[in-house]
Amino acid sequence: MAYWLIKSEPDAWSWDQQVAKGAAGEAWSGVRNHTAKLNLMKMKKGDRAFFYHSNIGKEIVGIVQIVREHYPDPSDKTGVFVMVDVKALEPLPKPVTLAQIKATPALKNMALLKLSRLSVQPVTAGEWSAICRMGGLKR
DNA sequence: GCCAACGTTGGC
DNA sequence: GCCAACGTTGGC
């Protein structure tokens with residue numbers, strides 16, 4: 001299984017809205033960046049991703065699961081970009097903030113810090129478990 | 001095909 | 001509100 005991190009501005013689409021969608025999941029559309037697109041296309045059903053709130057909060061608030069692999073984004077008229085469907089899996093008992101990640105030596109190479117503008121990015125297994133622990137999940 | 005100008009994102 | 005990073009656009 002692969003791990004990812006997806007970003008959203010809570011003004012546009014928040015964790016609470018994602019949770020409200022429940023098991024049905026929701027389309028993760030609107031990506032207009034080719035690097036992000038490549039990552040979307042690597043996602044497999046069952047992969048997990050951190051849900052990060054950019055701008056407001058600047059913290060990882062929960063975990064989502066990929067429930068549908070990439071397909072054309074109907075909101076993209078050029079037909080170039082793709083999207084996936086994700087569903088909320090569980091919240092982090094303690095959201096992990098950007099400041100905490102920066103202060104953690106093991107996480108200093110995270111794409112989140114190096115490619116701050118990339119909205120869909122890979123997370124290593126080591127980073128995943130470290131953040132889960134910081135977030136109060138026991139695993 | 002290069003590169004300057006410009007727009008957007010996102011942290012501060 | 002500012003600015004750095006970076007992607008895109010357009011002139012040459």
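Per chain, numbering begins at 1; letters A, B, ... match sequence-line order. For the numbers below, each heavy atom of this structure counts, side chains included, while hydrogens, waters and symmetry mates do not.
Residues L107(A) and M134(A) form a side-chain contact, since some pair of their non-hydrogen atoms from C-beta on lies under 4.5 Å apart.
Put simply, the side chain of S8(A) gets close to the backbone of W13(A): a donor and an acceptor are under 3.5 Å apart. In this structure, E26(A) contributes its side chain and Q18(A) its backbone to no donor-acceptor pair below 3.5 Å. A donor-acceptor pair under 3.5 Å is absent between the side-chain atoms of D85(A) and the main chain of V67(A), judged by distance alone. Between the S116(A) side chain and the L113(A) main chain, no donor and acceptor come within less than 3.5 Å of each other.
DNA chain B lies under 4.0 Å from no heavy atom of any residue of residues 106-113 of chain A. Near DNA chain B, meaning a heavy atom under 4.0 Å away, the residues from residues 7-17 of chain A are K7(A), E9(A).
Counting non-hydrogen atoms under 4.0 angstrom, L118(A) reaches nothing in the nucleic acid.
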Between L5(A) and M110(A), is a side-chain contact (heavy atoms from CB on, under 4.5 Å) present by the stated rule, with each step listed? CA-CA 10 Å; L5(A) 182 146; M110(A) 271 193 79; 4.2 Å; yes
Kindly determine whether I66(A) and W28(A) satisfy side-chain contact (heavy atoms from CB on, under 4.5 Å), including the steps that lead there. CA-CA 10 Å; I66(A) 313 305; W28(A) 193 268; over 6 Å; no
Only distances under 3.5 Å count here; give the side-chain donor-acceptor pairs of residues 30-39 of chain A to other protein atoms, sequence neighbours excluded, each with its distance to 0.1 Å.
from   : atom 1 : to      : atom 2 : distance (Å)
R32(A) : NH1    : D73(A)  : OD2    : 3.1
R32(A) : NH2    : S75(A)  : O      : 3.1
R32(A) : NH2    : S75(A)  : OG     : 3.1
N33(A) : OD1    : T35(A)  : N      : 2.9
N33(A) : OD1    : A36(A)  : N      : 2.9
K37(A) : NZ     : V80(A)  : O      : 2.9
N39(A) : ND2    : V120(A) : O      : 2.7

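In terms of the side-chain contact (heavy atoms from CB on, under 4.5 Å) criterion, residue partners of L89(A) (sequence neighbours excluded) are, by chain and number, R48(A), I63(A), Q65(A), K87(A).
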Distances under 3.5 Å between protein N/O atoms and the N/O atoms of nucleotides 5-10 of chain C, please, pair by pair.
from   : atom 1 : to      : atom 2 : distance (Å)
dA5(C) : N3     : R117(A) : NH1    : 3.0
dC6(C) : O4'    : R117(A) : NH1    : 3.4
dC6(C) : O2     : R117(A) : NH1    : 2.5

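Relative orientation of the W15(A) and F51(A) rings is perpendicular, given thresholds of 30° and 60° on the angle between their planes.
The heavy-atom pair separating P122(A) from W4(A) by the smallest distance is CA-CE3, 3.6 Å.
If one axis is set at each end of the helix from dG1(B)-dC12(C) to dC12(B)-dG1(C) from five pairs, those axes are 10° apart, to 10°.
Between I131(A) atom CD1 and Y52(A) atom OH the span is 10.5 Å, to the nearest 0.5 Å.
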